[in-house]
There are 2 protein chains.
Amino acid sequence: MAAQKRLNREELITTALAVADAEGLDAVTVRRVAQLHDVTPMALYRHFPDKEGLLVALAGRLLGGAVVPEPDDRPWHEQLRDLLSSFVDALRPHPNAALLVFNGMVTTEPGLAVTERALELMAQGGMSVERSAETASQILGSLVALAIAEPGRDLGPDPEANEDAVRAKRATLLALSPRRYPRIVAAADTLAACSDRELYFDRGVDLIVTGIRDAARAEAAAAH
Amino acid sequence: MAAQKRLNREELITTALAVADAEGLDAVTVRRVAQLHDVTPMALYRHFPDKEGLLVALAGRLLGGAVVPEPDDRPWHEQLRDLLSSFVDALRPHPNAALLVFNGMVTTEPGLAVTERALELMAQGGMSVERSAETASQILGSLVALAIAEPGRDLGPDPEANEDAVRAKRATLLALSPRRYPRIVAAADTLAACSDRELYFDRGVDLIVTGIRDAARAEAAAAH
DNA sequence: CACTGTGGTCTACAGCGTACACAGCCGGTC
DNA sequence: GACCGGCTGTGTACGCTGTAGACCACAGTG
């Protein structure tokens, strides 16, 4: 973040992402990013049309991290699983910014690439064009939500504060009336923070993929 | 919105929701809500600790619309389906504000009620406490996303502007290279706006429920 | 040399959330 | 009826936000 004249679009995106990761999306302000480059706020406007433009570029950066696996000989649903896993893996490191990809999915190149491949795989599974497009819209949100709403990730810049927040949340849940909310009280630990992150995401993706498989089967059956 | 001294908490929430519905969540400002009640901005602070408090109350209002169906004799997954449908139905009329329920799910009474019932039904399906809690976290996001990301709902206060936006989006997709993105181009209509809203939401919920059923079956099988 | 486009600067403005001190009205008690 | 304490709305003020508009320093080109 050294003082250098002639600032660079990609580096601006990088520091914006860093700020979002560290302190949340609200902390990404024009002034803040500018200051981290020792530059006047207005300087950013030579590289982005407005703040929205910066955020769209941020979404593009996130989506760029989602590599589309090469097609292979395995069944379509296994390849779809890998594709979706790759997608959430790209978002997971940046949960604060993940919301932005909602807007960038069909306006950035990487977003289009992922969408295209997903549609292709669903077609291989026998889904109609309309149905696979509809399904794509539905699961996009689910995947983003998966990355954002990982239990045990709340506020708190440092891990220490985060741990405090988790403990507080757990305590809140345990303090509920066991008569009214017996299951919630029993599940307080898991609701406050998932024990195994990898398992959490794997199962989340699996849940979606099995849902899609079933939809494909049902559609094929309906067409007898 | 007549001038009346002695303003009322619930009415403040109502107008905040109305503003969010009409112009988006960003349009909900303390000053704006106050003005609609012919009152100084600071007056709101007698009824909410801060703006965040207002938004949490807004989330509570949304969740309050989700009625928990009475238990009956049908299989657990059918009842779960109805519960989740009721949940998204409560959010659908207010897509701009739906994001807020992420925070209010375990801090508001209605959110707890829905969660408790969902956990109960999954337990009936043979799921372990941990697994059902994990699943609850995963699907919450999916349901919210479903309500928010309905295709064909973007910006534009009036239906006319919305229709314009849809047409523009469709045109953008159709303008893509058919060599690179053949499926996307073919599916442009469905991606830009879903043809049947009811079907869209029904299938979205079905996708999730079948995913859960499968997870329950798999867990039962693993425990042989 | 003058000309032109590019990119950073400076100033300014309207709008945001909200801290703090104050004023009016309300209901309850002598 | 007189008083009084607490609730509720008011006024002012501060520091923050995004960004419009005029300005200037420099590079490359004729």
Side-chain angles (χ1 to χ4, degrees), chain A residues 1-61 96-97 99-100 102-104 155 157, chain B residues 1-61 96-97 99-100 102-104 155 157:
Chain A
M1 227 62 65
Q4 73 175 57
K5 286 301 155 99
R6 223 76 187 182
L7 33 73
N8 166 294
R9 193 185 142 96
E10 290 307 311
E11 290 180 10
L12 287 173
I13 299 174
T14 300
T15 85
L17 183 53
V19 172
D21 288 343
E23 303 177 40
L25 207 52
D26 289 346
V28 179
T29 73
V30 175
R31 285 175 158 86
R32 183 77 184 281
V33 173
Q35 190 187 343
L36 288 171
H37 285 263
D38 285 315
V39 131
T40 296
M42 289 309 293
L44 299 211
Y45 287 79
R46 299 288 171 193
H47 303 271
F48 304 95
D50 52 12
K51 189 188 177 183
E52 177 70 16
L54 208 198
L55 295 181
V56 169
L58 234 175
R61 169 69 63 87
N96 292 335
L99 249 195
L100 297 172
F102 262 114
N103 310 324
L155 41 85
Chain B
M1 228 61 65
Q4 73 175 60
K5 288 299 156 100
R6 222 76 188 187
L7 31 72
N8 166 295
R9 192 185 143 98
E10 290 306 312
E11 290 179 10
L12 288 173
I13 299 174
T14 300
T15 85
L17 183 54
V19 173
D21 289 343
E23 303 177 40
L25 207 53
D26 288 347
V28 179
T29 73
V30 174
R31 285 174 157 88
R32 183 77 183 281
V33 174
Q35 190 186 343
L36 288 171
H37 285 263
D38 286 316
V39 131
T40 297
M42 288 309 292
L44 299 211
Y45 288 80
R46 300 290 173 195
H47 303 269
F48 304 94
D50 52 12
K51 189 188 177 183
E52 177 70 16
L54 208 196
L55 296 181
V56 169
L58 235 174
R61 169 69 64 88
N96 292 335
L99 248 195
L100 297 171
F102 262 115
N103 310 324
L155 40 85

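The figures here come from the full heavy-atom set of this structure, side chains too, leaving out hydrogens, waters and symmetry mates. This one's a predicted model, so the numbers in the text were calculated from it and none came from an experiment. Residue numbers begin at 1 in each chain, while the letters A, B, ... track the order of the sequences.
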Between atom [atom1] in [X] and atom [atom2] in [N], what is the gap in whole Å?
| X | N | atom1 | atom2 | result |
| --- | --- | --- | --- | --- |
| L55(B) | dG17(C) | CG | C1' | 12 Å |
| R9(B) | dC7(D) | CZ | P | 16 Å |
| K51(B) | dG15(C) | NZ | C1' | 12 Å |
| L7(A) | dT6(C) | CG | P | 16 Å |
| H37(A) | dT9(C) | NE2 | P | 12 Å |
| R6(A) | dT6(C) | CZ | C1' | 6 Å |
| D26(B) | dG18(D) | CG | C1' | 12 Å |
| Q35(B) | dT10(D) | CD | P | 13 Å |

| Short side-chain to backbone donor-acceptor contact, N96(A) and L25(A), under 3.5 Å |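 Not a single qualifying donor-acceptor pair exists.
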| request: For the pair T40(B) (side chain) and A43(B) (backbone), establish whether a donor and an acceptor sit closer than 3.5 Å, ignoring hydrogens and angles. | output: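 Answer holds: no.
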| said: Taking 4.0 Å as the cut-off, does a side-chain nitrogen or oxygen of T40(B) come that near to OP1 or OP2 on dG9(D)? | reply: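 For T40(B), the contact criterion (side-chain N or O under 4.0 Å from OP1 or OP2 of dG9(D)) is not met.
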| request: Could you check if a side-chain atom of V39(B) sits within less than 4.5 angstrom of a side-chain atom of L7(B), using non-hydrogen atoms only? | output: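 Of all side-chain heavy-atom pairs linking L7(B) with V39(B), at least one is under 4.5 Å.
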| request: Of all the heavy-atom pairs spanning A57(A) and R9(A), show the shortest one and how long it is. | output: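 Taking A57(A) first and R9(A) second, the nearest heavy atoms are CB-NH2, 3.6 Å.
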| request: Applying side-chain hydrogen bond (donor to acceptor under 3.5 Å, both in side chains), name anything that partners R31(A), two or more places apart in sequence or on another chain. | output: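 Result, side-chain hydrogen bond (donor to acceptor under 3.5 Å, both in side chains) vs R31(A): none returned.
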| query | For DNA chain C, which residues in residues 41-49 of chain A have a heavy atom at a distance below 4.0 Å? | reply |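 Correct list: M42(A), A43(A), R46(A), H47(A).
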| request: List the steps, then state whether side chain to side chain contact (heavy atoms under 4.5 Å, CB included) holds for L12(A) with L54(A). | output: CA-CA 9 Å; L12(A) 287 173; L54(A) 208 198; 5.7 Å; no
| request: Would you work out how much the helix from dC1(C)-dG30(D) to dC30(C)-dG1(D) bends between its ends, with each end axis defined by five base pairs, to 10 degrees? | output: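 Taking five pairs per end, the axes differ by 20°.
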| T14(A)-R61(A) side chain donor-acceptor pair, cut-off 3.5 Å |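 Judged by distance alone, the side chains do pair up.
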| message | On the side chain of R31(B), is there an atom forming a donor-acceptor pair with the base of dG17(C) - under 3.5 Å, no angle test? | response |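 Under the 3.5 Å cut-off, the side chain and the base do form a donor-acceptor pair.
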| task | Assess whether side chain to side chain contact (heavy atoms under 4.5 Å, CB included) is satisfied between V19(A) and L36(A), documenting all intermediate values. | result | CA-CA 10 Å; V19(A) 172; L36(A) 288 171; 3.6 Å; yes
| task | Take F48(B) and L55(B) through the test side chain to side chain contact (heavy atoms under 4.5 Å, CB included) and record every step on the way to the result. | result | CA-CA 9 Å; F48(B) 304 94; L55(B) 296 181; over 6 Å; no
